[in-house]
Number of protein chains: 2
Amino acid sequence: MNTRDRLKQIGLSLFARHGYEGTTLAQIATAAGIKKPSIYNHFDSKAALFLELSRDADDDLIALIDASLADMAAAPFEHRLRHLLQQCATFAYREHQGVFYKRFLLFPPQDLVTEAEAITEQGESRIDRRLVAFVQEGRRIGALRSTLTDDHFVAAFYCVVDGLLSETFMYEKREFERRFEGVWSVFWAGVTAG
Amino acid sequence: MNTRDRLKQIGLSLFARHGYEGTTLAQIATAAGIKKPSIYNHFDSKAALFLELSRDADDDLIALIDASLADMAAAPFEHRLRHLLQQCATFAYREHQGVFYKRFLLFPPQDLVTEAEAITEQGESRIDRRLVAFVQEGRRIGALRSTLTDDHFVAAFYCVVDGLLSETFMYEKREFERRFEGVWSVFWAGVTAG
DNA sequence: AATAAACTAACGACCGTTAGTTAGCCATCT
DNA sequence: AGATGGCTAACTAACGGTCGTTAGTTTATT
């Protein structure tokens, strides 16, 4: 792997673990096997490296959602919803990218809040549109209970994804998968029966 | 309010917004109307201030849970569960304490990870015990569906609380309350029918 | 008179960043 | 073929600034 990509990978993991302010260019450089000023041969600034990683993560998450919806288009609705949820949740185990993204979403660096919001804003509305279309189809074909409103579904879905993402920090993958089953069983029961 | 409490209140809000590494003693001092070194008349170090705030937040959350369980002991089970969830979720709107706690829980400062885990560990097991007793009672009296296991309930409850806590960053209180209704309706349906 | 709590001054360490230099690589030109 | 020049990416040295912290002093309160 070339130096630039190596810096990005190392930056991703360090920013995820220690945050923007808690990560120094010296740490990144040392982990990459070069000296601190050499980073500037590849990125204009610490902020530029961070924002490029942020844009990548946002793009990857949306690509993941689109891929899940496309791949499972022909499957039963329950499978499609479960797959979508699982893909979003296990995003966190992708080479620290999930942790990075979550941190970026909830606690963007104070100096970069304007740029950060520009990145996340468009992402959220794109996801919203897909979710609403999804729940409407589910209700129409009778897979979801007819009393379930768009708003309720979207709120519950986001809540579950956020909750699961949080739990990926606290539990190993095995334990997380156990918890996922519990969350899924309650969520699915909640959107179908009631 | 005396200077010490003022420093704690200001520290809470700044740590919540900008994190441990992103907050400087100079900022705290300025907001409190004193000079930076004067902080050391009240706290041994930046870390000591932060950890005291962390312990306070952890204690307050547990006290909140206990209070909710005690206050609603005589109410219908649905009301008790809803109240508990709501109390946990709206913890976030308590003068930045919720944001602080969430950040502390998910992204503790790298230098204080040992001390941070010591604080959160005992808190979590205390909450676990209460939740398990709660779900068992709910099943026994027929308020929860008999197929709902302890594990599934605990996982789903934590997930919902974590998800709601996350959403408190993103939405104003009014919008949050709207979302809470959606989450609650799905969650309640999920733990009863199915 | 004693104590608490503010202050000023300054310390050493580290931060992100810039400047200037050097080594290697590849295309071009004599 | 061999020399030339430009480009990339590494380096060392150092800058100005800020960090948390300490020492020593003054002020106010009890």
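Lettering follows sequence order; numbering is per chain, from 1. Treat the numbers as computed from the prediction; the structure is a model and nothing was measured.
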Aromatic plane relationship, A:Phe104 with A:Tyr101 - under 30° parallel, 30 to 60° tilted, over 60° perpendicular: tilted
Proximity to the side chain of A:Ser38 - top-ranked nucleotide from D:dA10, D:dT21, C:dC15: D:dA10
B:Gln27 or A:Ile34, whichever maps to the more 5' nucleotide of DNA chain D: A:Ile34
Presence of donor-acceptor pair under 3.5 Å, side chain of B:Asn41 and base of C:dA6: yes
Spacing of B:Phe43 atom CZ relative to D:dG20 atom C1', expressed in whole Å: 16 Å
Between P of D:dT8 and CZ of A:Arg4, the distance in whole Å: 13 Å
Test side-chain hydrogen bond (donor to acceptor under 3.5 Å, both in side chains) applied to A:Ser68 and A:Gln86, A:His83, A:Arg130, the passing residue: A:His83
Candidate nucleotides D:dT21, C:dG16, D:dT12, ranked by approach to the side chain of B:Ser45 - the nearest: D:dT21
Length of the CZ-C1' vector between B:Phe50 and D:dG20, whole Å: 16 Å
A:Thr3 side chain near D:dA9 phosphate (N/O to OP1/OP2, under 4.0 Å): no
Phosphate-side-chain proximity, A:Lys35 and D:dC11, N/O vs OP1/OP2 below 4.0 Å: no
is_close_aromatic(B:Phe180, B:Phe187), centroid dist under 6.0 Å: no
Gap between atoms CD and P, on B:Glu21 and D:dT18 respectively (whole Å): 19 Å
Position toward the 5' end of DNA chain D (nearest nucleotide), A:Arg6 or B:Ala26: A:Arg6
Test of ring centre spacing under 6.0 Å for A:Phe50 and A:Phe43: no
Gap between atoms NZ and C1', on B:Lys36 and D:dT18 respectively (whole Å): 7 Å
Distance, rounded to the nearest Å, where B:Ile39 contributes CD1 and D:dA23 contributes P: 18 Å
Shortest side-chain distance from A:Pro37, nucleotide among D:dC19, D:dT12, C:dC7: D:dT12
Distance below 4.0 Å between A:His42 side-chain N/O and D:dA10 OP1 or OP2: yes
Cation-pi, B:Phe134 ring and B:Arg80 (6.0 angstrom, 45 degrees): no
Between C1' of D:dC11 and OH of A:Tyr40, the distance in whole Å: 16 Å
Length of the CG-P vector between B:Leu25 and D:dT18, whole Å: 15 Å
